[in-house]
Each structure stands twice: as structure tokens, then as C-alpha cells.
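Notes to accompany the following structure.
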Amino acid sequence: NCIVMFFVVGLVTGAADLWLEIREIELIQYFSLGFIPMITCAVHIHLILRRYDALSNRPWFSHWYGLISFPIMLVVIIVSFRSFLYEPFRIVATSMSPSLNPGDIIIVSKCGYGNYGTYGFSLVKVPMEKQLKRGDLVVFELPKDPAASYVKRIIGLPGDTVEYRKGFLAINDIEATRNHEGTEEYYEVYREHLGKINYVIKTMPKRSPVNGHVSVPEGHVFVLGDNRDNSNDSRYRGFVPLENIVGKMVYVF
């Protein structure tokens with residue numbers, strides 16, 4: 001009963017910590033609610049051991065090696081889940097606005113993309129199995145700065161030709177159409193249609209345009225930010241190698 005109780009309390013306090021972090025409530029900066037079941041459990045164990053007969057036979061998990069195995073197993077499960085299945089990332093810049101804004105937390109699917117690791121450490125890299133599509137939002141590492149992760153939208157696939165200039169984007173000589181959605185301070189908002197997909201972008205009419213016509217080499221993709229005139233993407237940093245793609249965004253908080 002105690003094990004079930006502490007497990008339930010741990011789930012509740014963990015969910016509360018996540019909710020506080022998503023809402024950016026200051027409490028999470030100074031104290032984690034997860035400490036409550038930890039401290040309570042430690043005190044409870046101490047009270048039990050005070051009246052426990054040390055000479056009697058104890059189950060394996062009550063010995064020092066059993067107690068150490070639990071946190072090790074927990075770390076292995078968390079690291080494995082984040083490395084090979086799903087990993088959260090927090091958006092800190094406006095380059096993907098209005099699709100993603102600072103403070104948003106995105107969930108990235110990593111299985112099948114071949115670049116496995118977490119917390120800034122790379123564990124293993126294998127050939128990509130998943131098929132990327134134009135319009136996918138992907139998290140990737142810069143070739144010159146693998147410790148930093150970025151999120152952009154795939155515009156050009158290997159072998160594509162991409163032409164871009166102010167108010168114009170064409171893939172393989174097929175122009176992406178835009179519908180005007182509204183006006184914000186400094187920005188014009190459009191819904192851009194790239195084949196069968198569509199998404200919302202922002203442009204800054206007063207900013208000088210960046211023009212170019214490129215061919216995407218094999219093993220690479222061409223990415224852009226949805227905040228078109230305020231994004232450090234493939235127009236400035238070049239193509240993204242497939243081996244640097246961490247995964248595809250599947251959900252956003």
C-alpha cells in the first residue's frame with residue numbers, strides 16, 4: 001500500500017511540476033514539488049528501520065545494492081526514452097513565429113531518424129529510416145555547433161531546386177502561393193501553400209530581402225523559419241545534413 005501511495009503521489013507532484021514549468025510560474029525555479037514524496041519517503045523508511053531487526057533475512061531490494069539499482073534503472077529509462085523515442089525542447093527564439101513562440105514546449109519524435117542522444121550528448125548515429133517531407137518541422141544540430149539544437153521547417157529535399165526572394169518561394173520551378181491573413185506591427189502575415197501542405201508565415205516589408213537560387217545536394221535538406229525575415233536558416237548557414245536531424249516535431253504545448 002505504501003509503495004502504491006508513494007507512486008501515485010510521485011506522479012501527481014511530477015505532473016504538477018510540469019504544469020508549473022509550462023506556465024512559467026516562479027515556484028518551479030526555487031522548489032520542486034517532487035521533493036515532497038522524496039523527503040516523506042526517506043523519513044518513512046527511517047521510521048521503519050528504527051524498529052527493524054537487522055539480523056533477520058531481508059529481501060534483495062532492501063540491501064544497499066538493491067537501493068542503488070532503482071535510481072540507476074530510473075536514469076537508464078529516462079535517458080533511453082529521451083534518446084531514442086521522444087524528447088521535449090523549449091522554444092527560446094522568434095524565428096518560427098507564429099507557428100512556434102518563445103516559451104512553447106515541443107515534443108520531438110526521434111525513432112527512425114538515426115541521430116540518438118540527449119542532454120547535449122550523442123550516443124549513436126545510424127542511417128535515417130524515416131522519410132522526410134516538405135513542410136515538416138524538424139529539430140537539428142548545426143554542423144559547426146552540434147551542442148545547440150534548432151527547429152526549422154523543411155522546404156527543400158535532396159535534389160530539389162529552391163528559389164527565394166522577397167515574397168516569392170519556388171520549389172522545382174513550382175511557386176508556393178500565399179494568402180494574406182492579416183497585419184501586425186512590423187509584420188505581414190500570410191498562409192503559404194507548398195503543394196498539399198500549408199502553414200502561416202510572417203514577413204517584414206521594411207527589411208531588405210535575401211535572394212537566392214540553390215540546388216539541394218544529396219544527403220541534405222534546405223530549411224527556413226516561418227518568421228521569414230527574422231530567421232537564421234539555410235539562407236545564411238547552408239544546407240542541413242540528414243545525419244544532423246534529431247527528429248520531427250509531433251506536438252506543441
Side-chain angles (χ1 to χ4, degrees), residues 81-91 93 95-100 104-118 120 122-164 168-178 191-201 210 212-228 231-253:
F81 188 87
R82 290 175 61 103
S83 298
F84 298 97
L85 296 177
Y86 296 94
E87 184 172 10
F89 292 87
R90 180 183 290 277
I91 303 300
S95 64
M96 285 304 299
S97 176
S99 300
L100 301 173
D104 289 349
I105 296 177
I106 62 174
I107 305 300
V108 174
S109 174
K110 307 178 75 173
C111 183
Y113 291 95
N115 187 359
Y116 301 116
T118 186
S122 179
L123 298 180
V124 62
K125 286 190 176 183
V126 297
M128 182 182 294
E129 298 177 356
K130 291 288 184 69
Q131 183 175 3
L132 298 172
K133 299 178 182 179
R134 298 185 192 92
D136 285 347
L137 289 176
V138 294
V139 170
F140 61 92
E141 303 164 344
L142 289 178
K144 296 182 180 180
D145 187 13
S149 298
Y150 295 81
V151 57
K152 303 293 181 188
R153 189 179 299 278
I154 292 180
I155 297 297
L157 297 172
D160 284 347
T161 59
V162 181
E163 182 178 0
Y164 52 91
F168 178 86
L169 175 67
I171 311 297
N172 299 327
D173 298 324
I174 300 176
E175 183 177 355
T177 60
R178 294 179 178 178
R191 181 167 295 277
E192 186 169 78
H193 300 264
L194 189 62
K196 297 181 180 181
I197 66 167
N198 65 85
Y199 42 86
V200 179
I201 66 170
V210 178
H213 186 285
V214 298
S215 296
V216 184
E218 290 298 323
H220 296 74
V221 292
F222 185 91
V223 297
L224 290 177
D226 289 349
N227 193 347
R228 283 293 161 79
S231 173
N232 199 357
D233 45 42
S234 287
R235 294 170 294 181
Y236 304 94
R237 293 185 175 268
F239 307 107
V240 177
L242 293 180
E243 63 183 18
N244 283 58
I245 293 179
V246 173
K248 173 184 174 182
M249 191 200 81
V250 293
Y251 196 78
V252 57
F253 293 96

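Numbers here simply count residues along the sequence, with the first being 1.
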Apply side-chain contact (heavy atoms from CB on, under 4.5 Å) to Tyr116 and Val246, showing your working.
-> CA-CA 7 Å; Tyr116 301 116; Val246 173; over 6 Å; no
Passes side-chain contact (heavy atoms from CB on, under 4.5 Å), Leu169 versus Val162? Steps please.
-> CA-CA 7 Å; Leu169 175 67; Val162 181; 4.0 Å; yes
Step by step, would you call Ser122 with Asn115 a side-chain contact (heavy atoms from CB on, under 4.5 Å)?
-> CA-CA 8 Å; Ser122 179; Asn115 187 359; 4.2 Å; yes
side-chain contact (heavy atoms from CB on, under 4.5 Å) between Tyr86 and Val250, intermediate numbers included = CA-CA 9 Å; Tyr86 296 94; Val250 293; 4.2 Å; yes
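Nearest heavy-atom pair across Phe239 and Val216 is CE2-CA, 3.9 Å. Nearest heavy atoms, Leu224 versus Ser231: C-OG, 4.5 Å. Here the closest non-hydrogen pair linking Phe140 and Ile245 is CB-CA, 4.0 Å. Residue Gly159 comes nearest to Asn172 through the heavy atom pair O-OD1, 4.4 Å, listed as atom of the first residue, atom of the second, then distance.
Note that CD1 of Ile155 is 6.0 Å distant from CD1 of Ile171, once rounded to the nearest 0.5 Å. Within the model, atoms CE of Met96 and CD1 of Ile106 stand 9.0 Å from one another, a figure rounded to the nearest 0.5 Å. For the atom pair Tyr164 OH and Arg235 CZ, the distance stands at 7.5 Å (nearest 0.5 Å). In this structure, the separation between NZ on Lys152 and OG on Ser99 is 11.5 Å, given to the nearest 0.5 Å. Between the CG atom of Leu100 and the CG atom of Asn227 there is a distance of 11.5 Å, given to the nearest 0.5 Å. Atom OG in Ser97 sits 8.5 Å away from atom CG in Asp226 (nearest 0.5 Å).
Heavy-atom contacts from other residues, nucleotides or ligands closer than 6.0 Å to OH of Tyr251 number 12 or fewer. When the shell of 6.0 Å around NZ of Lys133 is examined, it contains 12 or fewer heavy atoms from other residues, nucleotides or ligands.
For the pair Pro88 and Arg82, the minimum side-chain heavy-atom distance is below 4.5 Å. Here the side chains of Phe84 and Thr118 are not in contact, with every heavy-atom distance at 4.5 Å or above. Annotation: side chain of Val221 is in contact with side chain of Pro158 (closest heavy-atom distance under 4.5 Å).
The aromatic ring centroids of Phe89 and Tyr150 lie 6.0 Å or more from each other.
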Considering only distance and modelled atom types, tabulate donor-acceptor pairs under 3.5 Å from the side chains of residues 192-201, sequence neighbours left out.
| from | atom 1 | to | atom 2 | distance (Å) |
| --- | --- | --- | --- | --- |
| Glu192 | OE1 | Tyr199 | OH | 2.7 |
| Glu192 | OE1 | Arg228 | NH1 | 3.3 |
| Glu192 | OE1 | Arg228 | NH2 | 2.8 |
| Glu192 | OE2 | Arg178 | NE | 3.1 |
| Glu192 | OE2 | Arg178 | NH2 | 3.4 |
| Glu192 | OE2 | Arg228 | NH1 | 3.2 |
| His193 | NE2 | Asn179 | ND2 | 3.0 |
| Asn198 | OD1 | Arg191 | NH1 | 2.7 |

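Here the side chain of Arg153 pairs no donor or acceptor atom with the backbone of Leu137 at under 3.5 angstrom. With Ser234 contributing its side chain and Phe222 its backbone, the two residues share no donor-acceptor pair below 3.5 Å. Side chain of Lys248 to backbone of Lys110: no donor-acceptor contact under 3.5 angstrom is found.
Residues forming a side-chain contact (heavy atoms from CB on, under 4.5 Å) with Pro241 (at least two apart in sequence, or on another chain): Pro143, His220, Glu243, Asn244.
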